[in-house]
Amino acid sequence: MPPHPFPTEKLRDWFRKNKRDLPWRRDRRPYSVWVSEIMLQQTRVDQAEGYYRRFMELFPDVGALAQAPLDQVLKAWEGLGYYRRALHLHQGARLVRQDHGGEIPSDYNRLIQIPGIGRSTAGAILSLAFNRPFPILDGNVKRVLSRFYHITRPLDQSETGKTLWQKAAAVLPEKKPGSFNEALMELGALICLPKDPGCARCPLRKGCQARIKGDATELPVKKPAKKIPHFDVTAAVIRKAGKILITRRPEKGLLGGLWEFPGGKQQPGETLEACLKREITEELAIEITVGEPFLQVRHAYSHFKITLHTFFCRHRKGRIQKIGIQDYRWVKPEELNHYAFPRADRRVIERLTEHGHLPFRPQRG
DNA sequence: AATACGGGGGT
DNA sequence: ACCCCAGTATT
């Protein structure tokens, strides 16, 4: 018997009294667990909640999701970020329909093969929906276990990951593993916070090594973040006959599958105008005239920042070819809301349409 | 082992 | 400004 057995019952008691009423807790179907877990990857509960409700309204079951066009799924995901999640979820629904008769599998090896489902999400689906004893290791659980067992090695080392998975499996009870996993996550979300361990209110305080040592706020240890580069990016608002040209990004990579105003990153020694002309020619094989600057938007992604410089432009010459884009479309301003755009482009659209119509701009060379 | 991948909210 | 979030896939 170790000196500090894990206080499972204390955690369960605390959870029973303090659990939040969240939409995905009212529905433990594998599909609901799946959707919510994907949405909650690297995403706060508060941010995911509204998206989850709308998503379940639009796509109430695997069949509905599999049947829906990807555009509609991306539109439902717009603003939530990490758009590959939406693509994978959609692909996953089609795979479940095709390979599993529309039923989400209840075994680890099959779950892990569904795109977007990794070890932790598989553990969530297995424990929460199927009541099978598989651990979850998300940011909350990592923090709680790092502190309880006083794990001082940096979180992003593979050895640390192995240790944490081992602990998560070791503390997992055979009975009701799902609610136990939830309780562990909820503790990390409500009490054992990154900058405030809340030890006085914590049901695990008795055996927690970090509390005993008094260094809970130092754990878990993370390597220092790298500096984030900044780029200047241009985008063209090309108008013709009351319509605007929008292009669709490739399915892979940043903002995959989303629509945007075409453009790209400024190169060293290049003017913004030259950058825009070059990018448009490279991606669409047409020549444009760059007119008045419109809006500048500053925006932060996860690993770089940009200033987006937009310009009103005119299509001068050539026929559009889909070189660096997946698709393109000429749309009326009011139709822009039917498409999924990145946040930065959304800001441009807001300004573009805020008087109910496009502001007049002289069209000159 | 390191990096790509969004957006929002707290401090 | 910096940190972090119910992580996964790719390199």
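Since we're looking at a predicted model, the values are computed, not measured.
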Hey, can you pull the residues of [range] with a non-hydrogen atom under 4.0 angstrom from DNA chain C?
{"range": "residues 174-193 of chain A", "value": "A:Met185"}
{"range": "residues 115-150 of chain A", "value": "A:Pro115, A:Gly116, A:Ile117, A:Gly118, A:Arg119, A:Ser120, A:Thr121, A:Asp138, A:Gly139, A:Asn140, A:Arg143"}
{"range": "residues 85-99 of chain A", "value": "A:His88"}

With a non-hydrogen cut-off below 4.0 angstrom, is [X] in contact with a base, only sugar-phosphate, or nothing?
{"X": "A:Thr43", "value": "base"}
{"X": "A:Lys223", "value": "sugar-phosphate"}
{"X": "A:Tyr82", "value": "base"}
{"X": "A:Trp24", "value": "base"}

Checking A:Arg28 now: which residues fulfil salt bridge (Lys or Arg N to Asp or Glu O under 4.0 Å) with it, not counting sequence neighbours?
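Scan of A:Arg28 (salt bridge (Lys or Arg N to Asp or Glu O under 4.0 Å), adjacent residues dropped) gives A:Glu182.
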Go through the structure and list residues passing salt bridge (Lys or Arg N to Asp or Glu O under 4.0 Å) with A:Asp327, not counting sequence neighbours.
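A:Asp327 satisfies salt bridge (Lys or Arg N to Asp or Glu O under 4.0 Å) with A:Lys322, A:Arg329 once adjacent residues are dropped.
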Nucleotide of [options] approaching [X] most closely (side-chain heavy atoms):
{"X": "A:Leu22", "options": "C:dA6, C:dC5, B:dG7", "answer": "C:dA6"}
{"X": "A:Lys222", "options": "C:dT10, C:dA6, C:dC5", "answer": "C:dC5"}
{"X": "A:Arg343", "options": "C:dC5, B:dA1, B:dG7", "answer": "B:dG7"}

How many angstroms lie between CG in A:Leu245 and CZ in A:Arg314, if you round to the nearest 0.5 Å?
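Here the interatomic distance stands at 15.0 Å.
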Distance check: side-chain N/O of A:Ser158 vs OP1/OP2 of B:dA1, anything under 4.0 Å?
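So the side chain of A:Ser158 is within the cut-off, an N or O lying under 4.0 Å from OP1 or OP2 of B:dA1.
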Taking only side-chain nitrogens and oxygens of A:Gln47, does any of them come within less than 4.0 Å of OP1 or OP2 of B:dG8?
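No, because none of the side-chain N or O atoms of A:Gln47 sits under 4.0 Å from OP1 or OP2 of B:dG8.
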Which ranges of DNA chain B pair up as stems, where a stem means three or more consecutive Watson-Crick or G-U pairs with both distances under 3.5 Å?
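Detected stem regions: B:1-5 with C:7-11, B:7-11 with C:1-5.
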Under the side-chain hydrogen bond (donor to acceptor under 3.5 Å, both in side chains) test, which residues partner A:Thr281, sequence neighbours left out?
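For A:Thr281, no residue satisfies side-chain hydrogen bond (donor to acceptor under 3.5 Å, both in side chains) once neighbours in sequence are set aside.
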Can you name the side-chain hydrogen bond (donor to acceptor under 3.5 Å, both in side chains) partners of A:Arg53, sequence neighbours left out?
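Per chain and number, A:Arg53 pairs via side-chain hydrogen bond (donor to acceptor under 3.5 Å, both in side chains) with A:Glu49.
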Using a 3.5 Å cut-off and no angle test, enumerate the donor-acceptor pairs between side-chain atoms of residues 112-123 of chain A and protein atoms at least two apart in sequence or in another chain.
| unit_1 | atom_1 | unit_2 | atom_2 | d |
| --- | --- | --- | --- | --- |
| A:Ser120 | OG | A:Leu137 | N | 3.1 |
| A:Thr121 | OG1 | A:Gln41 | NE2 | 3.1 |

All ring-ring contact (aromatic ring centres under 6.0 Å, His included) counterparts of A:Phe304, not counting sequence neighbours
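So A:Phe304 forms a ring-ring contact (aromatic ring centres under 6.0 Å, His included) with A:Phe231, A:Tyr301.
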What's in the same ILVMFWY side-chain cluster as A:Leu219, cut-off under 4.5 Å, chained through other members?
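Members besides A:Leu219, by chain and number: A:Val221.
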What pairs meet the salt bridge (Lys or Arg N to Asp or Glu O under 4.0 Å) rule with one or both residues in residues 70-88 of chain A, with sequence neighbours excluded?
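Matches after skipping sequence neighbours: A:Asp71-A:Arg248, A:Lys75-A:Glu78, A:Glu78-A:Arg346.
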